[in-house]
Each structure stands twice: as structure tokens, then as C-alpha cells.
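What follows is a single structure, written as C-alpha cells, with notes after it.
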Amino acid sequence: MKRFYPFVIAFQFLFLTHISGQTPPKEWSQLSPQDLKMTQYDKDTSANAVILVDYGVIRVQDGGSRYESILERHKRIKILDKSAFEYGDVEIPFYAKSERINQLKIRSIAPNGKVTEVSKNNVFEGDYNEHWKNLRFSFPNLEVGSILEYSYTLTSDYIIQLQDWYFQSELPILHSEIQLDVPPAFEYVYLFNGSSEIQAQIQEQNTASKNNRTGIYTYFVKDAPAIVEESFITTMEDYKARFRFQLSRTMLPGDFERPYLSDWDHVSRELLDMDRFGKIYTNQKGSKKTWAKIESIINGLKSEKEKAKFLYDYVCSQLSWDGYNGMLSARKVDELMEDGKADSGEFNLALIALLRRAGIAASPVLISTRSHGVTQVQYPIVDQFNHVIVEATIDGVTTLLDAGSSFRPMGLLRVESLNERGWTIVDKNEHHWVKIQPSKAAEVYFATLELTEEGDLSGQLKIQYKGYDAVSARRKYAEKKEAYWEEWLTARYPDAEVEEIESKNVDALEKPFQIQMKVKLNNSKLVGDFIYLNPIIYSFYEKNPFKLEKRNYPVDIPYPIKEQLIVNLIVPDGYTVDALPDPINVVFENGKGKFRYLAKVEGQQVQITSLIDLQQIQFLPSEYPIVKGLFDRVAEAYGEQIVLKKVE
């Protein structure tokens, strides 16, 4: 079984060895004839391209007014199939305020050795968002067999955390190498992320004199396999082999030793003293105007739950999400409310400030969202977090809150926040890790339908949504109102007719969202004296979402799921039931997953009941057959038909 080790201390735990072998092509002029002749990658014949080399050097040096880090990178990609032409479009991101790219060189080499240089006039700089920019360029005249090559230098004013280095990508890599050149006054912690099957082979080279020591550390991986994206996972970034370099302390001449990576106590104190974090919710002056507008309403509410709900709903109604995640705020609460927009963290920092003014204990919880990656507790690295939620004690019950959507009730976190754990900062003397327990998603479909001799079905269809399914349904309803459900039904049954639609609990977010329709549809086939009918009116799981035969990475479903179907089918006069699907009862050994399916005859009716209940949401690759097998049975059962026979 593969084991994955996110953020293990690489320098201490990876084996050290001196490696002899082929030196990567570091010079622009070097090019291997074997690389030009390559038509396929023998170790992965399915690869449509391969990275021949990805070589980098990171230096920390005195830039004059400040220290800076410099990444020099050189990359070559071999195109093996037309489907890989997409790699001819390149984007290089950089942080707008503190990073810059120069010394960019771009060229392509045709299979016959002809070199085409790409002019800088064909390089474009654009805004990715308000914080990030990117350089974009495209390789012209792509051919199967071409080699795409580019190099650049990225200079950054930020030396606390250096550029991450990935030894894996969606393409296989023949040689990936990073050199780290750090002055003796700087000490960095080396962190490794990846599977035990890819161990970074470390080669160390040091030059030293009596009064000065310069260390150049070389890390490289050969023949790294491609990372193929799989569904139901947090982010593939968690499983790519990579290095992270985090500054731990400085020992500059004429200065005291200064720690940068001490302990969680130190980090919590620093965050609480920050104007953009702790003082946002501890300084009541920053929320004075907002509080004046709602104070009388708060004073009129009796319980803490009523006050918390009002404040949660108020923040969600006054602010709209700007689409970005964050954990700091450059604006005070009153300024946020005036602007009417906030990133994910600003939402919750504002909520904490108002909850505290209402006398409710509330603290920030720093988390990493699912797409941002897993967190680790060994080292207090703040950059691993990109969002903040709220831990509040309401009427004696501690719960997690996550403002930011008018469709989510209080206590239901955004799906992106469901990433195992978060770090709560209560005060300067108290902080702790908290486990994030996801709420459920549930759908119930209840239908009573009468079948005619012509094979038409007509009757009532009721749908009830709970938890995350209710959030999704309310969001879709808000876009098109009742018309959405007509489109939803006719997408499955093109000839369907909807006569009446009624929606319930649209704005009552704590209650199930309900839809009731009077429908007419055709889901049967007439063959002689027989009617063949599939009784499954709708299910998200008619096709197994787990399609791979073998899984390389863990399954991580964001929240428990439950889907229940109850169909009462009234058989037309003159027909009898000739065949029913076999009953199914699949239950995991731990009881945290089940599928039950039953069709039975009661008088002139056929009742079909089905239940999918999956409480276990994480599976190791070795456990993948368990979850895949359950949904294989679901898809198989949902393909079965009821057969009715005309009575003589």
C-alpha cells in the first residue's frame, strides 16, 4: 500500500547519498541527439509528452537595500503526440507587488534540429487577479517530435518562504533538479511532500573557508512518474513530490540571532497583535458604525443562538464574496460593510468582531481549503493557511461558522473548508487544533405515479434536499426559479410535462428545501403484451462516479452523502407484474456505508425503495475496491427494469 507523507522534514529523514550519473543539460546550447530522436517514453508509453529536464537554482543574496531570493529555471518538454500541443501555451505566474521576471529565453527545436527563437514581442504580461500577474507566450509551428525549451529568472523580495520546487507534474519527468544556495547567515527548514515511492535523492556539495562557509545543496529525482488527476480528492498538489524551504532563523553580522520559525505560541501572539488580523476583531472602534445600526435589534433578542443567527445572516446579507480566499483584512469592519465586498477571511473576521460585541465567545480558526492542500502541525508555517473560519460557543455549545453565502445556514461550512483540521487562536495564552467534522448532504425523492396502457406515467413527484444538497438546490433555484426544475426534468425526459410546481422553505435555511411537482412523462417501452419500465425516476448515481479500476491516491469525499428513493407505481388494469429486480443489501463491515434496494408488489401497486447511505468519506487506495464495489452494485440495480404482462 502506498503511503503519503505530506510535509515531512526532508533534510532529516530523506537518505543522503552521493549520486553519480548523467548531468542535466544546464546550458542553453546543450541538446541531446537522443532527445531529438525520441518518439515515445518507454517507461510510460501512454504519455503524450515528457519533460526532459526541469532544472532550477534558488539563491538568497544581498540585493542592496534588502535581501532577495532568485530562482533561475530551465525547462525542456518533448512533444510526442498532437494532443500535447496544449503545452505550447505557457503561463508563468508571479506576485505583482514583490516579484519580477527577466532574462526570459524561449525556443523550439523541430525534429530535424531546426531552431526557432521566440521573440520577446510575442511575450505578454497580464493580470491574473488583483495580487498576481503572469507572463504568457506560445510556441509557433508545433510538430510531433518538437522540443519546447524556455528559461527565466524570477526575483522575489520575499525570503521567508522560497519558491516551492515540484519533482512531479501531470507529465513524466526524466530529470528534475533544484539547487539551493543560501548564505551562512540564513537557516532554512527543508520540507518534503510526496509518496514513499519517490524519495528525493540528495547530493550535498559544500565549499568552506576558515571565515566563511557557503553551502550549495543539490536535490534531484530521475524518471518521476506523471501525476494523473483523480476525482474525489482534495488537491493533487498534496501528492506531488516537492520541496518547500521555510526560513527558520537569521544570524546576520552585527545583529542578534533572530528566530523566524519558533513555535505556535509565538505565531499566535504575532497574529493577535497584527492590525490586519487580531485587531480587526479586538478593536471595537473599527466596528462602531456597524454596531450602532444593529445594537437595538441585538438587545431585543434573548438567546445567544438568536443573536448569533441574526449576526451571521446580517454579515451574509451585507457583504458579497469577491471570489478570493484570505485570512487577513486590510480594512476594518465598518469599511468592509461600506464597500459591500469581502474575501473569505474578511467575512469571518467581521463576524467574530460582531459576535464578541454581542457577548458571544468567538475565535478565529485558520485553515487551508481543500484546493490549497493539507496542513501540518510540526512547524508553525502561516503560509500553509489561506482561509479563516469561526469557532463560537453559543448557549454553551461550541460550533464552527463560515459566513459568505446567503444559501448556507449558520453552522454549515463552505465545502472548500472541509479539509480535516484547523488551528484556533483563542488568546495569547491559548490555541489548539480542531477537527472539522463535515455535515451531511441528503436527497429524498418520493413519487406516486400511475402507468397507462400506452406506457405514460403521471402523478406527483416530491423532492427534499438537506445539508449541502439543499445549498446547491437553493442556489440553482435562485437563478431560474421554478423554470429550473422543468429544465432539470426535461433534460432527462424530453417529452415530460410539468403542470404544477411548488417550492417550500426557500428562505428557511435551517429547514429542508422541498419541491413538489405534478408531472407526466414516459419511461417505458411497449413490446407486444409486455411493458418494460425503469422505476428509477432520477438518481445522481445511475452511473458509477468511480470509473478507474485501480486507484493510486486516496479517495476524499468532502461530506457524507445520503440518497433515498421511494416510488409507488400504480399498475394499469389488465396488467400484472411479470418480473421485478432482485433485492440488494450491501453493508460495509464497519457499518459506515450501505446500499439497500427493494421492489415489491402490494395489490395493484409496485413499491420501489432504495437507500444509499455513505458515512465513510475517506478511503486509502487499498480500500478503493470497497467504495467502487458499492456504487457498481448501485449502477447495476438502477439499470434493472420492471416487466408488466398483459392479462389474457
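Since the model is a prediction, treat every value here as computed from it, not as a measurement.
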Item to check | Step-by-step side-chain contact (heavy atoms from CB on, under 4.5 Å) determination, Val377 to Arg421 | outcome: CA-CA 10 Å; Val377 301; Arg421 60 178 173 250; 3.9 Å; yes
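- Just one residue in the list Leu162, Thr155, Leu154, Asp157 forms a side-chain contact (heavy atoms from CB on, under 4.5 Å) with Ser69, and that residue is Leu162.
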Next on the checklist: I'd like to know whether Ser371 forms a side-chain hydrogen bond (donor to acceptor under 3.5 Å, both in side chains) with Glu416, so could you lay out the CA-CA distance, the side-chain angles of the two residues, the decisive distance to 0.1 Å, and finally the verdict.
Outcome noted: CA-CA 7 Å; Ser371 60; Glu416 270 285 277; 2.6 Å; yes
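- Environment of NZ in Lys332: sparse, with no more than 12 heavy atoms of neighbouring residues, nucleotides or ligands closer than 6.0 Å.
- Contact record, Leu328 with Asp343: O-OD2, 4.0 Å, taken as the closest heavy-atom pair.
- Side-chain contact between Ile367 and His372 is absent, with no heavy atoms from C-beta onward closer than 4.5 Å.
- The side-chain contact (heavy atoms from CB on, under 4.5 Å) with Tyr55 is formed by just one residue from the set Arg76, Gln179, His175, Arg73; it is Gln179.
- In this structure Asp402 satisfies the side chain to side chain donor-acceptor pair (under 3.5 Å) test together with Asn348, His387, Arg414, Ser417, sequence neighbours excluded.
- Contact check for Leu191 versus Asn193: no side-chain heavy atoms found under the 4.5 Å cut-off.
- Remark: Phe277 CZ to Leu366 CG distance equals 4.5 Å, nearest 0.5 Å.
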Next on the checklist: If you apply the rule side-chain contact (heavy atoms from CB on, under 4.5 Å), what do you find for Tyr312 with Leu351, and how did you get there?
Outcome noted: CA-CA 7 Å; Tyr312 177 89; Leu351 179 58; 4.1 Å; yes
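- Between atom OG of residue Ser287 and atom CD1 of residue Ile352 there is a gap of 12.0 Å, rounded to the nearest 0.5 Å.
- With salt bridges taken as basic N to acidic carboxylate O contacts below 4.0 Å, none links Lys78 and Asp35.
- In this structure the side chain of Tyr379 never reaches within 4.5 angstrom of the side chain of Ser248, judged on heavy atoms.
- Taking the six-membered ring where tryptophan is involved, the planes of Phe245 and Tyr219 are tilted, since the angle between them lies from 30° to 60°.
- Side-chain atoms of Arg551 come within 3.5 Å of backbone atoms of Pro554 as a donor-acceptor pair (strictly under, hydrogens ignored).
- For the residue pair Asp556 / Thr234, no side-chain donor-acceptor distance below 3.5 Å is found, with atom types taken as modelled.
- Judged by distance alone, with hydrogens and angles left aside, the side-chain atoms of Arg356 form a donor-acceptor pair with the main-chain N or O of Ala362 at under 3.5 Å.
- Taking a cutoff of 4.0 Å between a charged side-chain nitrogen and a carboxylate oxygen, Asp383 and Arg244 do not qualify as a salt bridge.
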Could you pull out all donor-acceptor pairs under 3.5 Å where a side-chain atom in residues 57-65 meets a protein atom, sequence neighbours excluded?
residue, atom, partner, partner atom, Å
Arg59, NH1, Glu72, OE1, 3.2
Arg59, NH1, Glu72, OE2, 2.7
Asp62, OD1, Gly64, N, 2.9

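- Looking at residues two or more places apart in sequence or on another chain, you find no side chain to side chain donor-acceptor pair (under 3.5 Å) involving Glu420.
- Note that CD of Glu149 and NZ of Lys105 are 8.5 Å apart. Values are rounded to the nearest 0.5 Å.
- Ser368 places a side-chain N or O within 3.5 Å of a backbone atom of Gly373 that can act as its donor or acceptor partner.
- In this structure, Glu125 does not pair ionically with Arg100, as no charged nitrogen and carboxylate oxygen lie closer than 4.0 Å.
- Donor-acceptor pairing under 3.5 Å is recorded for the side chains of Glu237 and Tyr166.
- Here the CZ-CG distance, from Phe139 to Asp89, works out to 9.5 Å after rounding to the nearest 0.5 Å.
- Between Trp423 and Phe385, the two ring planes are parallel [angle under 30°; tilted spans 30° to 60°].
- For the atom pair Asp334 CG and Lys285 NZ, the distance stands at 13.0 Å (nearest 0.5 Å).
- Side-chain contact check for Ser439 versus Tyr468: some heavy-atom pair is nearer than 4.5 Å.
- In terms of modelled atom types and a separation under 3.5 Å, the side chain of Glu86 and the main chain of Gly88 share no donor-acceptor contact.
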Item to check | Leu355 and Leu401: CA distance, side-chain angles, deciding distance, side-chain contact (heavy atoms from CB on, under 4.5 Å) verdict | outcome: CA-CA 11 Å; Leu355 287 170; Leu401 311 178; 4.1 Å; yes
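- Closest heavy-atom contact between Val388 and Pro364: CG2-CB, 3.6 Å.
- The shortest non-hydrogen separation linking Tyr188 to Leu247 is CD2-N, 3.3 Å.
- Residues Glu170 and Tyr87 have side chains in contact (heavy-atom distance under 4.5 Å, counting atoms from C-beta outward).
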Item to check | side-chain contact (heavy atoms from CB on, under 4.5 Å) between Gln284 and Arg357, intermediate numbers included | outcome: CA-CA 8 Å; Gln284 292 192 353; Arg357 293 199 69 146; 3.7 Å; yes
Next on the checklist: Show, in sequence, the C-alpha distance, side-chain angles and deciding distance for Ser176 and Trp165, and conclude whether the side-chain hydrogen bond (donor to acceptor under 3.5 Å, both in side chains) test is met.
Outcome noted: CA-CA 9 Å; Ser176 178; Trp165 185 262; 3.1 Å; yes
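- Between Leu319 and Met337 there is a side-chain heavy-atom pair separated by less than 4.5 Å.
- The side-chain heavy atoms of Met327 and Val382, taken from C-beta on, include a pair separated by under 4.5 Å.
- Taking the ring centroids of Trp132 and Tyr95, they lie under the 6.0 Å cut-off.
- Surrounding CD of Glu430 are more than 12 heavy atoms belonging to other residues, nucleotides or ligands, all under 6.0 Å away.
- Here the OG1-CD distance, from Thr290 to Glu335, works out to 10.0 Å after rounding to the nearest 0.5 Å.
- If you check the side chains of Thr398 and Thr393, you find a donor sitting under 3.5 Å from an acceptor.
- Looking at every heavy atom in both residues, Glu230 comes nearest to Tyr553 through OE1-N, 3.4 Å.
- A donor-acceptor pair is defined here as one N or O able to donate and one able to accept, closer than 3.5 Å; such a pair exists between the side chain of Gln168 and the backbone of Pro225.
- Minimum heavy-atom separation, Leu104 to Lys120: O-CE, 3.7 Å.
- The heavy-atom pair separating Ala49 from Pro172 by the smallest distance is O-CD, 3.6 Å.
- Side-chain contact between Tyr67 and Thr250 is absent, with no heavy atoms from C-beta onward closer than 4.5 Å.
- At distances below 3.5 Å, not a single donor-acceptor pair connects side-chain atoms of Asp265 with backbone N or O atoms of Asn429.
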